[in-house]
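A, B, ... follow the sequence lines: proteins, then strands. Residue 1 opens every chain.
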Protein chains: 2
Amino acid sequence: MSDTSEQEQPRRRQARGERRIAQLLTAAAQVFCTTGYTAASTNAIAREAGVSPGTLYQFFPNKEAIAVELGDRLMHEMRETYGEVLTPVDPATSLEEAVGSAVDRFMAFNTEHPVFFALMHGPDVPGRIADAHDQLHTTLIGRIEDLLASLLPRSSPADITRTAHVCLGVYKAGLELVLAHEGAERTAYVQEVKNVLTRYLQPLAGDRPGAA
Amino acid sequence: MSDTSEQEQPRRRQARGERRIAQLLTAAAQVFCTTGYTAASTNAIAREAGVSPGTLYQFFPNKEAIAVELGDRLMHEMRETYGEVLTPVDPATSLEEAVGSAVDRFMAFNTEHPVFFALMHGPDVPGRIADAHDQLHTTLIGRIEDLLASLLPRSSPADITRTAHVCLGVYKAGLELVLAHEGAERTAYVQEVKNVLTRYLQPLAGDRPGAA
DNA sequence: CAAGAATGCGAGCGACCGCTCGTGTTTGTC
DNA sequence: GACAAACACGAGCGGTCGCTCGCATTCTTG
């Protein structure tokens with residue numbers, strides 16, 4: 001039973017190979033960003049990276065694996081940069097501060113890695129990536145629920161869940177607007193996203209500081 | 001000059017043809033809804049309609065024309081059902097009433113024609129449809145700006161424009177959530193969308209009735 | 001420096017997709 | 001019923017895309 005499962009580990013990579021992988025992932029990010037996942041051809045990714053199609057398939061078994069590896073690395077960098085997503089609670093912070101810092105963190109990451117949004121938002125992504133997407137989505141919703149549970153003590157669990165989905169949806173919509181603008185206008189949109197969320201949550205909050 | 005442009009009008013349709021067209025558009029709506037535009041194959045549409053690929057191309061010059069015609073008919077039905085989108089102003093209505101009625105109208109249309117959202121939301125749609133999408137988007141933003149200009153007299157034009165984009169984005173995000181649920185939960189999400197918008201706009205509103 | 005492994009190439013295979021075309025069937029008109 | 005136009009069919013053409021394979025090159029290792 002144990003030998004029937006193929007382990008493909010004995011593949012020893014050289015430094016050149018690791019460089020090629022990084023190069024290919026960068027190229028893939030570029031192409032995914034501009035054309036989306038399904039429309040992105042592996043030949044185009046190879047061309048963008050300046051290598052042949054055969055070289056690409058030396059390092060990735062198929063097109064999906066490229067996106068999966070890219071997603072994994074982004075996820076890892078996100079966790080590394082921001083520690084744990086959405087620090088659970090801090091009873092002293094106001095609603096505005098909590099929302100503001102959460103939005104700033106996510107916006108910073110997403111504007112620095114636009115591929116993330118492109119991969120997660122596209123309705124075309126196949127099996128494995130959709131799974132990762134759902135998993136991230138569920139995790140995120142859970143975190144937001146925890147955050148909201150402490151911020152909005154008067155709400156029922158079902159209401160908390162619904163509110164969490166609304167918050168995430170609003171954030172995603174705001175992200176799209178933010179990514180579509182630059183400079184001062186972008187900053188203004190970030191502020192608007194914070195406004196929408198704080199004003200939405202304010203009436204639900206208990207005796208929090210910072211109420212208008 | 002006048003005869004160089006080809007007029008393809010002399011194509012006289014029989015009742016059977018009109019029926020086939022409606023049948024094909026219904027099938028296309030179904031397929032577009034489940035797979036999106038690009039992933040939808042014309043053969044699949046023909047199969048869904050129970051006809052051969054050749055028959056499909058008897059009535060539509062290409063795949064894009066199917067989506068365009070579908071979009072045109074939806075647009076026409078939207079205008080016919082709701083007269084003009086977003087009745088400009090009514091100085092006596094409260095902010096809650098204005099937001100509530102606008103959201104209800106759009107939600108009713110979009111839940112009855114999920115294709116509309118699928119066609120407008122997909123990042124994959126090609127030229128002509130993207131044009132129609134942009135045109136609708138611009139028109140909608142303009143209407144919302146007009147509405148907001150009378151509701152929020154203290155805001156500058158630039159702020160109005162930004163606020164309009166935020167409102168439309170929030171609505172689209174809410175629509176996605178609404179379409180993902182059914183029954184009582186769906187109703188609850190509709191209410192949440194209204195809550196988000198009213199609470200967002202409330203602090204900007206002048207001496208409107210209905211303020212909390 | 002040899003030998004083997006890892007890397008690199010690019011023509012091309014198989015599958016699918018948008019679309020066509022030759023042919024046969026149904027419908028409207030006289 | 002005769003004739004033409006509209007409708008219907010489905011095999012298949014041209015093109016793209018994901019991916020492979022045979023072979024050349026570069027690196028590592030003893």
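In this structure, A:R47 places its CZ atom 13 Å from C1' of C:dG10, rounding to the nearest Å. Per the geometry, CG belonging to B:L56 stands 10 Å off C1' belonging to C:dG18, to the nearest Å. Residue B:Y37 contributes atom OH, which lies 14 Å from atom P of C:dC17 at whole-angstrom precision. In this structure, A:R19 atom CZ and C:dA6 atom C1' are separated by 13 Å, rounded to whole Å. With rounding to whole Å, B:R12 atom CZ is found 15 Å from D:dA4 atom P. At whole-Å resolution of the value, CZ in A:F32 and C1' in D:dG18 are 13 Å apart. Protein atom CG of B:N62 is 13 Å distant from nucleotide atom C1' of C:dT20, rounded to whole Å. The separation between A:Y57 atom OH and D:dC21 atom P is 13 Å, rounded to whole Å.
Here the CE atom belonging to B:M120 is positioned 8.5 Å from the CD1 atom belonging to B:I129, to the nearest 0.5 angstrom.
Paired with B:Q202 under the rule side-chain contact (heavy atoms from CB on, under 4.5 Å), one option of B:L95, B:V99, B:L152 passes, and it is B:L95.
Side chain to side chain, A:H165 and B:E192 fail the donor-acceptor criterion of an N or O pair below 3.5 Å. Under 3.5 Å, the side chains of B:N195 and B:Q191 contain a donor-acceptor pair of N or O atoms.
The side chain of B:T42 lies closest to C:dG18 when the candidates are C:dG18, C:dG10, D:dA6. The side chain of B:P53 lies closest to D:dG10 when the candidates are C:dG18, D:dT20, D:dG10. Closest to the side chain of B:K63, from the set D:dC27, C:dG18, C:dT20, is C:dG18. For A:Q58, the listed nucleotide lying nearest its side chain is C:dT7; candidates were C:dT7, C:dG10, D:dC9. The side chain of B:N43 has C:dG18 as its nearest neighbour among C:dT20, C:dG18, D:dC17.
B:E48 places no side-chain N or O within 3.5 Å of a backbone atom of B:Q30 that could act as its donor or acceptor partner.
For the pair B:G54 and B:E18, both in contact range of DNA chain D, the more 5′-proximal nearest nucleotide belongs to B:E18. Each of B:R16 and B:E64 was assigned the nucleotide of DNA chain C with the nearest heavy atom; the assignment lying further toward the 5' end belongs to B:E64.
In terms of phosphate contacts, A:R20 brings a side-chain nitrogen or oxygen within less than 4.0 Å of OP1 or OP2 of C:dG8. At D:dC9, one or more side-chain N or O atoms of B:T55 fall inside 4.0 Å of OP1 or OP2 (strictly under the cut-off). Of the side-chain N and O atoms in A:R13, none sit less than 4.0 angstrom from OP1 or OP2 of C:dA5.
Within 4.0 Å (heavy atoms only), B:G17 reaches sugar-phosphate atoms of the nucleic acid but no base atom. No engagement by B:A44 is indicated, since no non-hydrogen atom pair under 4.0 Å with the nucleic acid exists. Residue A:A40 is in sugar-phosphate contact alone, with no base atom involved, counting any heavy-atom pair closer than 4.0 Å across all strands shown.
The side-chain tip of B:K172 does not point at the ring of B:F106 from less than 6.0 angstrom away and within 45° of straight on.
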